[in-house]
Structure formats: C-alpha cells, structure tokens
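Reckoned from all heavy atoms, side chains included, excluding hydrogens, waters and symmetry mates. Everything numeric in this text was worked out from a predicted model, so none of it was measured.
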Amino acid sequence: NSDKVPTKLLNLHRELFVTADIFFINKMPFFLMISQKTCFTAVNHLVSRKVPDIFKAFEEIHQCHLQRGFRVTVIHMDGEFEPLKTMIEAMPGGPAVNLASASEHVPEIERRVRVAKERSRAVRHGMPFDRIPKLLTICIAFFVVKMSNFFPPKGGISETLSPKTIVSGETLDCKKHLCMPIGQHCQVHEEEQPRNSQLARTRGAISLGPSGNQQGGHRFVALNTGKKITRRSWDMIPMPDAERTKFRTDVDKLQSIMMK
C-alpha cells in the first residue's frame with residue numbers, strides 16, 4: 001500500500017516550482033523534470049521531439065503530482081519549448097510556463113541531467129556486453145532516476161521521507177528493488193498450461209528492473225523472442241559464453257523486435 005503524504009507537509013508545499021529539459025543517451029531523447037521543493041525527478045522516454053510527444057510526457061508526470069495533492073504552478077524551461085507554452089497553460093489547472101532567454105541556462109535541471117547520464121553510463125559499463133538493445137538503455141535511464149528518488153536529499157522538505165515516497169507513495173524495499181541488478185542474466189520460470197507438456201520450464205532472459213507491482217515481480221527481455229516479459233520467479237545464473245556470443249550478434253535483430 002502507498003504511504004499518504006503527511007497533511008502538514010502537503011499544506012506547506014502543495015504548490016510546486018519545477019524545471020524541465022530534454023537530454024539524450026545514445027541519440028535517444030528523454031524528457032526530465034525536477035521539483036525544487038520535493039526534489040522529485042521524473043523521466044519519460046520520447047518517441048520523438050515532436051510537440052505532441054513532449055506534451056504527452058509532461059502530461060503524464062503532471063498527472064502523477066495531481067494524484068498526490070500537489071499542484072505545479074510554474075515550470076521553467078529552455079526557449080526550445082516555446083511551442084508547448086500555449087498547450088501547457090491551457091490545461092485544467094495547468095502551470096505558467098517561464099521560458100529562459102537566449103543563451104540563458106536552467107542550472108537545476110542541467111545538473112540533474114548530468115547526474116542521470118553519469119549514473120546511466122556507470123550501470124551500462126557494469127554489464128558484460130559490448131552492445132545492448134535500445135530497450136535496455138531506456139530501462140537503465142528509468143532505473144537510475146527511480147533509485148535516486150528513493151533517498152531523502154540534502155535540503156529537501158523531509159529528512160525521513162524520500163521524494164519517491166512523497167510523490168508516488170512507494171518506499172524502498174531491498175527484497176523487491178535491490179534483489180537483482182539490471183542487466184542480470186537469468187533463467188525465468190515459465191508457467192505454461194498444461195503443466196504436463198514437454199515444453200521447457202525456464203528460458204534465458206535479461207533483467208530490465210522491478211516491474212513496480214507489490215509482489216516484487218521483475219521485467220525481462222526474453223533472449224529467444226526479444227519481447228518484454230514480466231515474471232515473479234527466476235534463477236540468477238552466469239551467462240554462458242555461447243549465449244553471450246549469440247546476444248552480441250543478435251543485438252540488431254533484437255532492436256527491431258523490441259522497439260515495435
């Protein structure tokens with residue numbers, strides 16, 4: 001169950017000032033937004049940099065804040081977001097859009113972009129792969145931002161509640177969130193029906209991180225199909241050399257399947 005925002009905290013910090021920007025990892029665009037009070041960082045992968053896609057990414061994050069009782073009153077962005085200004089301000093309860101002037105920077109969000117990219121790079125280079133599919137790169141970005149939100153930041157509005165708990169109600173559970181590193185090779189347990197068939201009971205997969213459900217399930221990319229799956233049980237094992245070689249040679253094939 002999600003934890004409720006303390007009434008006193010919500011009354012003091014209901015209205016939020018946020019900053020937002022777009023950053024790239026391996027040429028893939030991401031929309032990043034951070035609140036100055038709650039210090040909550042939100043990220044969304046962008047299909048493209050077209051106005052409707054950027055607006056959809058903002059709308060999803062904005063809705064998460066509204067559901068917890070917060071209201072974004074001002075959003076500070078670069079001048080490149082000028083086409084979004086009218087659309088955002090026309091939303092019911094939409095924030096005022098403050099655009100930066102030419103050659104002016106938004107230091108809060110630029111610093112957060114740097115942190116997200118550095119941590120994504122660190123996770124990526126902890127994996128034993130020369131190349132990885134785009135889906136795994138996207139999940140790494142989501143994972144590092146999510147983990148950073150689980151710890152109360154210095155200068156935040158609470159010394160005990162993390163930004164993740166304040167904005168989404170989710171708390172860190174080591175058995176669910178830290179039981180397995182992203183990119184880990186596993187044999188996931190299949191539960192095909194009927195159970196008396198000769199089909200394999202497990203198959204090779206790469207972890208994409210926690211699924212977010214209360215049971216502690218994880219998302220995986222199946223190595224035989226390239227599709228994203230969610231499983232509740234698995235066995236972590238070292239990746240066989242033959243399977244690792246096949247993974248390297250099949251990355252291009254997996255790319256086309258995963259991104260459909």
Side-chain angles (χ1 to χ4, degrees), residues 1-23 29-47 51-77 81 84-98 108-109 112-113 116 138-139 141-153 155-173 176-177 208-219 228 230:
N1 296 330
S2 61
D3 294 343
K4 293 183 178 179
V5 183
T7 304
K8 184 177 179 180
L9 187 149
L10 187 59
N11 290 336
L12 287 172
H13 305 286
R14 187 183 301 274
E15 296 185 346
L16 302 177
F17 178 92
V18 303
T19 56
D21 202 358
I22 292 175
F23 71 99
F30 293 84
F31 181 80
L32 194 75
M33 194 169 91
I34 183 171
S35 164
Q36 286 190 345
K37 289 184 177 180
T38 62
C39 299
F40 178 77
T41 306
V43 64
N44 253 334
H45 171 246
L46 296 173
V47 178
V51 171
D53 291 325
I54 301 174
F55 179 73
K56 181 181 177 182
F58 166 77
E59 198 174 25
E60 290 177 0
I61 299 171
H62 181 254
Q63 190 61 36
C64 289
H65 286 83
L66 289 178
Q67 289 174 353
R68 294 288 284 179
F70 293 101
R71 179 173 173 263
V72 178
T73 55
V74 180
I75 179 169
H76 190 28
M77 314 169 89
F81 293 97
L84 285 169
K85 180 178 172 67
T86 304
M87 296 175 67
I88 292 176
E89 292 181 345
M91 295 171 59
V97 178
N98 179 42
E108 299 88 355
I109 193 65
R112 205 61 186 167
V113 164
I138 294 168
C139 289
F142 289 167
F143 177 78
V144 298
V145 171
K146 182 176 183 177
M147 288 297 110
S148 68
N149 281 325
F150 272 128
F151 300 91
I157 60 178
S158 175
E159 294 181 353
T160 56
L161 296 177
S162 69
K164 186 71 174 175
T165 302
I166 294 171
V167 176
S168 72
E170 188 178 1
T171 56
L172 181 65
D173 187 328
K176 294 179 183 178
H177 301 111
L208 298 177
S211 65
N213 64 12
Q214 295 182 10
Q215 300 92 316
H218 271 60
R219 291 191 181 95
K228 184 165 62 175
T230 302

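Nearest heavy-atom pair across Ile22 and Pro29 is CG2-CB, 4.3 Å. Taking each heavy atom of Pro163 and Phe151 in turn, the nearest pair found is CD-O, 3.5 Å. Considering every non-hydrogen atom in both Cys39 and Asn149, the closest pair reads O-OD1, 4.0 Å. Nearest approach of Gly93 to His62, heavy atoms of both residues: O-NE2, 4.0 Å.
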Problem - Residue pair Arg14, His65: steps toward the side-chain contact (heavy atoms from CB on, under 4.5 Å) verdict - result: CA-CA 10 Å; Arg14 187 183 301 274; His65 286 83; over 6 Å; no

Problem - Trace of the side-chain contact (heavy atoms from CB on, under 4.5 Å) decision for Leu84 with Val51 - result: CA-CA 7 Å; Leu84 285 169; Val51 171; 3.6 Å; yes

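Looking at Val18 and Ile34, their side chains never come closer than 4.5 Å, going by heavy atoms from C-beta outward. With contacts defined as side-chain heavy-atom distances shorter than 4.5 Å, the pair Ile54/Phe81 qualifies. Counting heavy atoms from C-beta on, the side chains of Ile166 and Phe70 come closer than 4.5 Å. The side-chain heavy atoms of Ile61 and Phe31, taken from C-beta on, include a pair separated by under 4.5 Å. Residues Ile75 and Thr19 form no side-chain contact, since every pair of their non-hydrogen atoms from C-beta on lies 4.5 Å or further apart. Side-chain atoms of Thr171 and Ser162, non-hydrogen and from C-beta on, never get closer than 4.5 Å to each other. Taking the side chain as every heavy atom from C-beta outward, Pro210 and Phe143 approach each other to under 4.5 Å. Using a 4.5 Å heavy-atom cutoff, the side chains of Leu9 and Ser158 are in contact.
Between the side chains of Arg219 and Thr230, not a single donor N or O lies within less than 3.5 Å of an accepting N or O. Side chains of Glu170 and His177: a donor-acceptor N/O pair is present below 3.5 angstrom, by distance only.
The CG atom of Leu10 sits 13.0 Å away from the CZ atom of Arg71 when rounded to the nearest 0.5 Å. The distance from atom SG of Cys64 to atom CD of Glu59, rounded to the nearest 0.5 Å, is 11.0 Å. Separating the CD1 atom in Ile157 from the CZ atom in Phe40 is a distance of 12.0 Å, to the nearest 0.5 Å. In this structure, Leu12 CG and Lys37 NZ are separated by 8.5 Å, a value rounded to the nearest 0.5 Å. With rounding to the nearest 0.5 angstrom, the NE2 atom of His218 is 10.0 Å from the CG atom of Leu208. Put simply, CZ on Phe30 and CZ on Phe142 are 6.0 Å apart, with the number rounded to the nearest 0.5 Å.
In this structure, Thr41 contributes its side chain and Val145 its backbone to no donor-acceptor pair below 3.5 Å. Put simply, the side chain of Lys164 never gets that close to the backbone of Lys146: no donor and acceptor are under 3.5 Å apart. Although no hydrogens or angles enter the test, the distance criterion places no donor-acceptor pair under 3.5 Å between the side chain of Thr38 and the main chain of Ser35. In this structure, Thr73 contributes its side chain and Leu16 its backbone to a donor-acceptor pair below 3.5 Å.
Arg112 and Glu108 are not joined by a salt bridge, as no carboxylate oxygen comes within less than 4.0 angstrom of a charged side-chain nitrogen.
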